[in-house]
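One structure below.
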Amino acid sequence: MNGFGLSERKTVVDAELAVAHLVFKVADLKRSCQFYSNLGLPPFAVDEKLAIVELRGGTHLLLFEVGLAGEEVAESLTGQFHERLSERFDLMIKGKGLNELKKYRSELISLGIAAGEIPDESFFGHHLFCVKDPDGNGITIYTSHAF
């Protein structure tokens with residue numbers, strides 16, 4: 001379980017620093033907004049060039065439509081899907097249990113989102129599965145570790 005040489009896990013309850021936002025270029029802004037909304041991440045603001053999607057804790061995912069974003073935004077890269085720690089980014093559900101993750105996965109599948117299988121083994125105490133967004137960005141979805 002501690003493949004990184006970590007002798008113990010610590011959870012920081014009130015960190016001094018938090019992620020403000022992540023930036024993706026997307027081929028179809030409307031389709032990407034719908035995908036992230038189906039994951040349970042509501043749009044905060046949307047216009048013809050940019051969508052701001054709200055993540056828990058005040059972090060935002062900024063979606064720029066390709067061709068409208070300008071050169072200052074780096075191209076999105078697709079990770080090696082299903083290879084641990086190589087996805088574009090990770091999300092965490094509120095629930096801590098395997099049954100909660102299974103329920104969430106089933107809900108995504110009912111919305112037409114292709115969700116990978118949940119491996120039998122956990123990763124640092126988390127159960128997980130993977131999805132891809134409409135632009136092929138790999139996303140791993142984990143159970144929570146928050147107290």
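In this structure, Leu91 and Ile139 have side chains that are in contact, with non-hydrogen atoms separated by less than 4.5 Å. Residues His127 and Ser122 have side chains in contact (heavy-atom distance under 4.5 Å, counting atoms from C-beta outward). Counting heavy atoms from C-beta outward, Leu22 and Leu62 have side chains that stay 4.5 Å or more apart. Counting heavy atoms from C-beta on, the side chains of Phe44 and Val53 never come closer than 4.5 Å. Considering only heavy atoms from C-beta on, Val23 stays 4.5 Å or farther from Leu61 through its side chain. Looking at heavy atoms from C-beta onward, Phe64 lies out of side-chain contact with Val26 at the 4.5 angstrom threshold. The shortest distance between side-chain heavy atoms of Ile93 and Ile141 falls below 4.5 Å.
Put simply, CD on Glu65 and NZ on Lys49 are 11.5 Å apart, with the number rounded to the nearest 0.5 Å. Rounding to the nearest 0.5 Å gives a distance of 14.5 Å between NZ of Lys132 and CD1 of Ile113. The CG atom of Leu111 lies 4.5 Å from the CG atom of Asn38; values are rounded to the nearest 0.5 Å. The CG atom of Asn137 sits 9.0 Å away from the CZ atom of Phe35 when rounded to the nearest 0.5 Å. Rounded to the nearest 0.5 Å, atoms CG (Leu39) and CG (Asp133) are 9.0 Å apart. Summarising the geometry, atom CG belonging to Leu41 is positioned 9.5 Å from atom CZ belonging to Arg56; distances are rounded to the nearest 0.5 Å.
Closest approach of Leu101 and Leu128 over heavy atoms only: CD2-N, 3.4 Å. In this structure, Ser32 and Asp135 approach most closely via the heavy-atom pair OG-OD2, 3.3 Å. Contact record, Ile109 with Ala115: CG1-CB, 4.0 Å, taken as the closest heavy-atom pair. Residue Leu63 comes nearest to Cys33 through the heavy atom pair CD1-N, 4.2 Å, listed as atom of the first residue, atom of the second, then distance. Nearest heavy-atom pair, Thr143 versus Met92, reported as atom, atom and distance to 0.1 Å: O-CG, 3.5 Å.
Phe129 and Tyr104 have tilted rings, their planes meeting at an angle from 30° to 60° on a 0 to 90° scale. Below 30°, between 30° and 60°, or above 60°: for Tyr36 and Phe24 the angle between ring planes is above 60°, a perpendicular geometry.
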Legend entry - Pair Glu117-Arg105, salt bridge (Lys or Arg N to Asp or Glu O under 4.0 Å): steps then yes or no: CA-CA 9 Å; Glu117 296 298 321; Arg105 181 179 172 275; 3.3 Å; yes
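Placement of Leu55 and Val46 in two distinct hydrophobic clusters is found when ILVMFWY residues are connected by side-chain heavy-atom separations under 4.5 Å, directly or transitively.
Proximity of a side-chain donor or acceptor of Ser37 to a complementary backbone N or O of Gln34 within less than 3.5 Å is not detected.
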